[in-house]
Visitor: 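Following this message is one structure expressed as structure tokens.
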Amino acid sequence: VVYDESNVAYTRAQTGVILFGVHEWMHTLTLDTPASLPAGTYYIEIYNDTGFGTDDMFWEVGNADTYGRGIVGSGFAFEAPGSAWNYDGAQDLSMQLIGTIGAAVPPDVLLVNADEDIYSGSPIEAMLEAFGDLGAVDQFDANIGTPTLAELQAYDVVVTWNDNYYYDATALGNVLADYVDAGGKVIDMQFALNPWGMAGRFVTEEYTAIHATGNAYVDTCMGTYDPVHPIMAGVTTICDFYYGVGTTLAPGSTAIANYTDGEVLAAVKDNGSVATLNVYPGYYYQWTGQADVMLHNAILWLAGVETDVPW
């Protein structure tokens, strides 16, 4: 139990719906002391003691559960407190917690890339900054050097990709693995996923979530995806010309989106340390759709910043 309160203050208003010959009411319960809840899954128990012993209590209708985590069918019980719940199969049983998300420090992001972005201006850097909810968004030139662990640790999330060869692909993979071991979060993207991309421990010890054996040079779009995962919030279409092929999931990884040809588009490590996005985000990008939204969501998800509360 993380919070318990009795005699909770409430207000109620008629909804205009009449059920079983009586008015339906919408109740709003206001906690005396706001509950501070870290990220996680919680269950709500409401004990309704009307004082009459056998009054009906029920949720006959509810807002649609857009997160897929509710119970299909409204719940009701014919005793107070309700101990034998029934379902009518017509509505989603759902509750809404209304509160505020604690003021999180906007995550700082380092774009470690071997690409033209360093020299000619980075489109994806500008797109990320335009969201307005990130901290610093900086670049590191992986064409000419490898960041140190200390340099990486100045940032909450590191995003890496290449179009040219990395200065030292093995050294970069090693230091990114060290960064994850120290609690850092990484997003690796095309062309870092293929054999001429990144190397070192990040690849050989399966820190990445996706391996690819080559590259496609044909427009292909997103097929199946997990609409519940926070990384896919607001993402309905992504197409790319430069995605990786011959994709396989690394151990301890889960796919959250696939291309229509079956190649993995996005996957995450089950321990929440890495997201791998099979899209090329660099200067010569050809993607269309919401790849920038997916990347932005991945940054917030890895950094532990909630954009909505799916309870």
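On a predicted model such as this, the values are computed, not experimentally measured, just so you know.
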Visitor: Taking only residues two or more places apart in sequence, or in another chain, which ones meet S120 in a side chain to side chain donor-acceptor pair (under 3.5 Å)?
Guide: E116
Visitor: Would you name the heavy atoms of S253 and K269 that are closest together and state the gap between them?
Guide: OG-NZ, 3.1 Å
Visitor: Using the side chain to side chain donor-acceptor pair (under 3.5 Å) criterion, which residues pair with Q286? Sequence neighbours excluded.
Guide: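 Listed in chain order: nothing, the list is empty.
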Visitor: Scan residues 142-194 for pairs that pass disulfide (SG to SG under 2.5 Å), counting only residues two or more places apart or in two chains.
Guide: none
Visitor: Under the disulfide (SG to SG under 2.5 Å) definition, can you give me all pairs with a residue in residues 160-231, not counting sequence neighbours?
Guide: C221-C239
Visitor: Using side chain to side chain donor-acceptor pair (under 3.5 Å) as the criterion, list what pairs up with D261, not counting sequence neighbours.
Guide: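 Checked D261 against side chain to side chain donor-acceptor pair (under 3.5 Å); matches are Y243.
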Visitor: List, by chain and then residue number, the residues other than Y167 in its hydrophobic cluster (Ile/Leu/Val/Met/Phe/Trp/Tyr, side-chain heavy atoms under 4.5 Å); write none if there are no others.
Guide: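 None; Y167 is a cluster of one.
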Visitor: Quick check: do D117 and L111 have side-chain heavy atoms less than 4.5 Å from each other?
Guide: no
Visitor: According to side chain to side chain donor-acceptor pair (under 3.5 Å), who are the partners of T170, at least two apart in sequence or on a separate chain?
Guide: none
Visitor: Checking side-chain polar atoms at under 3.5 Å, does T160 have a donor or acceptor matched by the opposite partner on D188?
Guide: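 Distance-only check fails for T160 and D188.
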Visitor: Can you name the residues that form a side chain to side chain contact (heavy atoms under 4.5 Å, CB included) with V264, not counting sequence neighbours?
Guide: I210, T247, L249, A255, N258, A267
Visitor: Quiz question: by atom type and distance under 3.5 Å, do the side chains of H229 and N297 form a donor-acceptor pair?
Guide: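 Judged by distance alone, the side chains do not pair up.
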Visitor: With clusters defined by side-chain heavy atoms of hydrophobic residues (ILVMFWY) lying less than 4.5 Å apart, directly or transitively, does L193 cluster with I124?
Guide: no
Visitor: Which pairs with one or both residues in residues 149-201 pass disulfide (SG to SG under 2.5 Å), sequence neighbours excluded?
Guide: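 Qualifying pairs: none.
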Visitor: Could you give all pairs that pass the ring-ring contact (aromatic ring centres under 6.0 Å, His included) test and reach residues 172-196, with sequence neighbours left out?
Guide: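 Checked against ring-ring contact (aromatic ring centres under 6.0 Å, His included) - neighbours excluded - the pairs reaching residues 172-196 are Y165-W196, F191-W196, F191-Y242, F191-Y280.
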Visitor: Would you mind listing every salt bridge (charged side-chain N to carboxylate O under 4.0 Å, His left out) that reaches into residues 152-181, with sequence neighbours excluded?
Guide: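 Applying salt bridge (charged side-chain N to carboxylate O under 4.0 Å, His left out) to every pair that reaches into residues 152-181, excluding sequence neighbours, yields D178-R201, D181-R201.
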Visitor: What closest approach, in Å, do P107 and A303 show between heavy atoms, and which atom pair accounts for it?
Guide: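 Nearest heavy atoms, P107 then A303: CB-CB, 3.7 Å.
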Visitor: How would you list all residue pairs meeting disulfide (SG to SG under 2.5 Å) that involve residues 152-205, not counting sequence neighbours?
Guide: none
